[in-house]
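Here the structure is laid out as structure tokens; the discussion comes afterwards.
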Amino acid sequence: MNPILNTAFKAARRAGQMMTRAAGNLDSIKVDSKSFNDFVSSVDRESELILVSALQEAYPHHKITTEESGVHGNERAEYEWIIDPLDGTTNFLHGHPQYAISMALLHKGVLQEALVYAPERNDLYMASRGKGALLNDRRIRVSNRIELNRCLIGTGFPVVDQSMMDRYLAILKDFLSKTAGGRREGAASLDLCALAAGRLDGFFEFNLKPWDVAAGALIVKEAGGIVTDMQGDESWLETGNIVAANPKVLAQMLQVIAARA
């Protein structure tokens, strides 16, 4: 583990310990609604404070962009952290253990380092640009399936911004008729990590935010996968529309999606 990821993990572990304690008394957690189906809890905010404080102490000249409190530090900095302090808030608030801390570091807009930590499972996914991807210090790779009808596809429902709902449901119906099945777990960072580890064969979702996908996308790429937008281009971090898989499955997924353009 390089020094940057070591610093990030120490902070994520502290935040994760706080989360697991809080998970034992969910009724005491304060919850607000940012918009329809978009919740933020006191645990999100406390986790973010732990992460931001640690990064500001270690890297005072870095920019930090977070889900809950926005931008910290120098907006023109060459290095930028993109952080989701609790990906899967709705899962967490319902006692469902599919949630994680997601941290990514960009240099001049290019992803360099990624960490996704799932506290309840104590699973740590990491990647450094050009150096591969790891789960708990074990190297991981995307699956080698090539027939779409044998593939398990992950996704996320567009429950916050529902402007794409009709197209999404049409695409999902097509995938369910052409694949071995679909899974919706409720935390995009962990869905992408499951893809990187070969437990899913593909993933697609609309209207995600940079903190939902930045870390998981680098982990997928370093595990041998490809990440694109719905047109097969590179704008997924800006648009929030993302497709990921191994190269042969990705091409087939894009064909299914294009049929519903």
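Because the structure is a prediction, the values reported are computed rather than measured.
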Next item on the list: May I have all residue pairs that pass salt bridge (charged side-chain N to carboxylate O under 4.0 Å, His left out) and include part of residues 117-136, sequence neighbours excluded?
Entry: none
Item checked: Sub-4.5 Å side-chain heavy-atom contact between Val243 and Met230 -> yes
Margin query: Through direct or indirect side-chain contacts below 4.5 angstrom among Ile, Leu, Val, Met, Phe, Trp and Tyr, which residues connect to Leu190?
Written below: Val116, Tyr125, Leu135, Ile140, Ile219
Next item on the list: Tell me, yes or no, whether the heavy-atom count around Glu57 atom CD, taken from other residues, nucleotides or ligands under 6.0 Å, exceeds 12.
Entry: no
Notebook entry, point to check: In Å and rounded to the nearest 0.5 Å, what is the CD to NZ distance from Glu147 to Lys178?
Noted result: 15.0 Å
Item checked: Closest approach of Ala244 to Val227 (non-hydrogen atoms, all atoms of both residues) -> CB-CG2, 4.1 Å
Margin query: Running the 4.5 Å side-chain criterion over Ile, Leu, Val, Met, Phe, Trp and Tyr, what cluster does Ile146 land in, apart from itself?
Written below: none
Notebook entry, point to check: Do Trp236 and Leu208 have side chains that get closer than 4.5 Å, going by heavy atoms?
Noted result: no
Note to self: Show every side-chain hydrogen bond (donor to acceptor under 3.5 Å, both in side chains) that has at least one partner inside residues 185-198, sequence neighbours left out.
What the structure shows: Asp87-Ser189
Item checked: Within-4.5 Å side-chain heavy-atom neighbours: Leu124 and Leu115 -> yes
Next item on the list: Go through the side-chain N and O atoms of Asp44 and Ser47 and say whether any donor and acceptor fall under 3.5 Å apart.
Entry: no
Next item on the list: Please collect all side-chain hydrogen bond (donor to acceptor under 3.5 Å, both in side chains) contacts where either partner lies in residues 203-232, sequence neighbours excluded, each pair once.
Entry: Asp229-Ser235
Check: Going through the checks in order, is the side chain to side chain contact (heavy atoms under 4.5 Å, CB included) test met by Leu152 and Thr179?
Finding: CA-CA 7 Å; Leu152 189 63; Thr179 67; over 6 Å; no
Note to self: By the ring-ring contact (aromatic ring centres under 6.0 Å, His included) test, which pairs, at least two apart or in different chains, include something from residues 170-190?
What the structure shows: Phe175-Phe204
Note to self: Around atom CG of Asp137, are there more than 12 heavy atoms from other residues, nucleotides or ligands closer than 6.0 Å?
What the structure shows: no
Solution key, residues 7-26 side-chain donor-acceptor pairs under 3.5 Å, sequence neighbours excluded:
| from | atom 1 | to | atom 2 | distance (Å) |
| --- | --- | --- | --- | --- |
| Thr7 | OG1 | Pro3 | O | 3.0 |
| Thr20 | OG1 | Gly16 | O | 3.3 |
| Thr20 | OG1 | Gln17 | O | 2.9 |
| Asn25 | ND2 | Ser28 | OG | 3.2 |

Notebook entry, point to check: Quick one: are Phe203 and Ile242 in side-chain contact, heavy atoms under 4.5 Å?
Noted result: yes
Item checked: Side chain to side chain, Ile153 and Met253, heavy atoms closer than 4.5 Å -> yes
Notebook entry, point to check: Same hydrophobic cluster for Val213 and Tyr117, using side-chain heavy-atom links shorter than 4.5 Å among ILVMFWY?
Noted result: no
Item checked: Rounded distance [0.5 Å steps], CD1 in Ile83 versus CG in Leu51 -> 5.5 Å
Check: Which residues satisfy the side chain to side chain contact (heavy atoms under 4.5 Å, CB included) test with Lys63, sequence neighbours excluded?
Finding: Thr65, Val71, Ala77, Glu80
Next item on the list: Could you note down all residue pairs passing salt bridge (charged side-chain N to carboxylate O under 4.0 Å, His left out) where residues 244-261 supplies at least one of them, sequence neighbours left out?
Entry: Asp174-Arg260
Next item on the list: Give the minimum heavy-atom separation between Ala214 and Ala104, together with the two atoms involved.
Entry: CB-CB, 3.7 Å
Notebook entry, point to check: After noting the C-alpha distance and the side-chain angles of Arg167 and Ile257, does the key distance pass the side chain to side chain contact (heavy atoms under 4.5 Å, CB included) rule?
Noted result: CA-CA 9 Å; Arg167 183 185 178 202; Ile257 292 167; 3.5 Å; yes
Item checked: Which atom of Tyr168 lies closest to which atom of Pro158, heavy atoms considered -> CD2-CD, 3.5 Å
Note to self: Counting only heavy atoms from other residues, nucleotides and ligands, does the tally under 6.0 Å from OH of Tyr79 exceed 12?
What the structure shows: no
Item checked: All side chain to side chain contact (heavy atoms under 4.5 Å, CB included) counterparts of Asp166, not counting sequence neighbours -> none
Note to self: Are there over 12 heavy-atom neighbours, none belonging to Arg184, within less than 6.0 Å of that residue's CZ?
What the structure shows: yes
Check: Tell me, which pairs form a side-chain hydrogen bond (donor to acceptor under 3.5 Å, both in side chains) where one or both residues lie in residues 69-78, sequence neighbours left out?
Finding: Glu48-Ser69, Thr66-Ser69, Ser69-His72, Glu78-His107
Check: Transitively linked via ILVMFWY side-chain contacts under 4.5 Å: Leu218 with Leu5?
Finding: no
Item checked: From CG (Leu105) to CD (Gln112), nearest 0.5 Å -> 7.0 Å
Checklist line | Cluster link Ile101 to Val52, ILVMFWY, side chain under 4.5 Å | finding: yes
Margin query: Could you measure the distance from the CZ atom of Arg45 to the CG atom of Leu86? Nearest 0.5 Å is fine.
Written below: 12.0 Å
Notebook entry, point to check: Does one hydrophobic cluster hold both Trp81 and Leu237, with members joined at side-chain heavy-atom distances below 4.5 Å?
Noted result: no
Item checked: Pairwise side-chain contact, Ser143 with Asn246, heavy-atom cut-off 4.5 Å (strictly under) -> yes
Margin query: Determine whether Ile64 and Ile82 satisfy the following criterion, side chain to side chain contact (heavy atoms under 4.5 Å, CB included), listing intermediate values before the conclusion.
Written below: CA-CA 6 Å; Ile64 304 172; Ile82 298 180; over 6 Å; no
Notebook entry, point to check: Can you tell me how far the CD atom of Gln255 sits from the CG atom of Leu250, to the nearest 0.5 Å?
Noted result: 10.5 Å
Notebook entry, point to check: Does Leu254 share a hydrophobic cluster with Leu195, counting links as ILVMFWY side-chain heavy atoms below 4.5 Å and allowing steps through other members?
Noted result: no
Check: What's the spacing between Leu176 CG and Thr155 OG1 if we round to 0.5 Å?
Finding: 9.0 Å
Next item on the list: Please list, chain by chain and in numerical order, all residues satisfying salt bridge (charged side-chain N to carboxylate O under 4.0 Å, His left out) with Asp201, sequence neighbours excluded.
Entry: Arg145
Note to self: What I'd like to find out is whether the side chain of Phe92 reaches to under 4.5 Å of the side chain of Ile29, using heavy atoms alone.
What the structure shows: yes
